[in-house]
Amino acid sequence: MKYPFVKYLLTTFLCISALSSFSQRKVINYTEIGGLIHQSNTIGDNSKFNGFRTRTGITRIIQEHYGLGFALGTDNYKKSSGGNYNTLPLTLTAAYYFNPEFTGLKADVYGGYAIKLFSNLNRGLTAGAGLSYSVAVNKGMNLGLQTGYNYQQIDFPSTFFQESFNLGSYRIGLGITFK
């Protein structure tokens, strides 16, 4: 296929459709924007990375406090000494809502893969965990603050001049939940 990202987007759509059909329980949508603050990396030159993150996802509530879903996003990492790394993560998510009304505290974990965007970036595993706190704005929408840890693997093809490396970042963001 000439455009491999189309294959990944189609797969995502099919997975979300399958998720939404396995139960008659509530589906919620969330969208977040945030920052990725450098914590660690495996590059030997002491480079610092900071980044910007977006996510949008669908979560199916499978029990009163538990949800499972999919998310698609973008991560942009900027190296302090130059260099820019963009990823398109596709993740599976799991969440625990302390309040069944989806306000208050929520814990989440996610893991997935960053899809190839450019010819130099081959692939990369992504994973993380976090906490968020949200308040109801109206009957159908919550606003929340989020924090957590984000892991990203940047893996280059063997013919590229740069080596592969791992990034660890703290994430801080704002989110909107549509319920």
Side-chain angles (χ1 to χ4, degrees), residues 5-6 8-40 49-78 85-115 117 124-153 167-179:
F5 67 91
V6 173
Y8 293 114
L9 291 176
L10 181 59
T11 302
T12 303
F13 175 76
L14 292 174
C15 290
I16 291 171
S17 297
L19 178 68
S20 64
S21 66
F22 80 82
S23 173
Q24 295 301 314
R25 297 202 181 258
K26 187 171 189 77
V27 173
I28 59 174
N29 171 271
Y30 69 94
T31 300
E32 72 173 83
I33 59 169
L36 296 168
I37 302 165
H38 178 83
Q39 193 269 328
S40 65
F49 288 83
N50 288 305
F52 181 75
R53 162 190 166 103
T54 64
R55 289 291 185 281
T56 189
I58 295 175
T59 300
R60 165 79 56 191
I61 304 305
I62 57 172
Q63 287 187 351
E64 187 176 41
H65 295 276
Y66 298 96
L68 293 174
F70 295 94
L72 180 64
T74 61
D75 288 347
N76 173 276
Y77 296 93
K78 184 163 178 69
Y85 305 95
N86 297 296
T87 65
L88 183 68
L90 174 62
T91 58
L92 295 173
T93 62
Y96 179 80
Y97 299 88
F98 289 83
N99 179 349
E101 299 298 316
F102 312 114
T103 58
L105 196 59
K106 174 187 90 167
D108 67 84
V109 295
Y110 58 91
Y113 221 62
I115 299 168
L117 288 179
L125 176 71
T126 188
L131 292 172
S132 65
Y133 189 86
S134 64
V135 295
V137 174
N138 60 37
K139 182 179 168 186
M141 184 172 73
N142 293 352
L143 289 178
L145 295 173
Q146 304 168 348
T147 188
Y149 182 79
N150 192 66
Y151 168 82
Q152 179 67 57
Q153 180 183 48
L167 295 170
S169 302
Y170 295 114
R171 67 178 174 132
I172 298 173
L174 298 172
I176 299 173
T177 302
F178 298 97
K179 48 186 180 167

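For the single chain, residues carry numbers from 1 onward in sequence order. Heavy-atom basis, side chains included; hydrogens, waters and symmetry copies ignored.
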For this session: Check whether any side-chain heavy atom of Ile58 sits under 4.5 Å from a side-chain heavy atom of Arg60, and report yes or no.
Result: no
Exercise. Taking C-beta and beyond as the side chain, do Asn86 and Thr74 meet within less than 4.5 Å on heavy atoms?
Worked result: no
Donor-acceptor pairs under 3.5 Å, side chain of residues 170-179 to any protein atom, not counting sequence neighbours: which ones?
unit_1, atom_1, unit_2, atom_2, d
Arg171, NH2, Asp108, OD1, 3.0
Arg171, NH2, Asp108, OD2, 3.4
Lys179, NZ, Glu101, O, 3.4
Lys179, NZ, Asn142, OD1, 3.2

Exercise. Hey, do the aromatic rings of Tyr151 and Tyr149 have their centres closer than 6.0 Å?
Worked result: no
For this session: Heavy atoms only: give me the nearest Leu125-Gly112 pair and the separation to one decimal.
Result: CD1-O, 3.2 Å
Exercise. Is a donor on one side and an acceptor on the other found under 3.5 Å between the side chain of Asn29 and the backbone of Gly57?
Worked result: yes
Problem set entry | Contacts of Thr93 that satisfy side chain to side chain contact (heavy atoms under 4.5 Å, CB included) - sequence neighbours left out | Tyr30, Thr59, Ala71, Thr91, Tyr110
Exercise. Would one find more than 12 heavy atoms of other residues, nucleotides or ligands at under 6.0 Å from atom CZ of Phe98?
Worked result: yes
For this session: Report the C-alpha separation of Leu36 and Asp75 in whole Å, then their side-chain angles, then the decisive distance to 0.1 Å, and conclude whether the side chain to side chain contact (heavy atoms under 4.5 Å, CB included) test is met.
Result: CA-CA 9 Å; Leu36 296 168; Asp75 288 347; 4.2 Å; yes
Exercise. When rounded to the nearest 0.5 angstrom, what distance separates NE2 in His65 from CG in Asn99?
Worked result: 8.0 Å
Problem set entry | Check: His38 main-chain N/O paired with Asn50 side-chain donor or acceptor under 3.5 Å | yes
Problem set entry | Aromatic plane relationship, Tyr77 with Phe49 - under 30° parallel, 30 to 60° tilted, over 60° perpendicular | perpendicular
Exercise. Would a 4.5 Å heavy-atom cut-off, applied to side chains only, mark Pro89 and Arg53 as touching?
Worked result: no
Exercise. Under 4.5 Å between any side-chain heavy atoms of Leu88 and Leu72, yes or no?
Worked result: yes
For this session: Taking the side chain as every heavy atom from C-beta outward, state whether Phe70 and Leu92 have any pair of such atoms under 4.5 Å apart.
Result: yes
Give every donor-acceptor pair under 3.5 Å between a side-chain atom in residues 130-140 and any protein atom, sequence neighbours left out.
unit_1, atom_1, unit_2, atom_2, d
Ser134, OG, Phe102, O, 3.1
Asn138, OD1, Gly140, N, 2.9
Asn138, OD1, Met141, N, 3.0

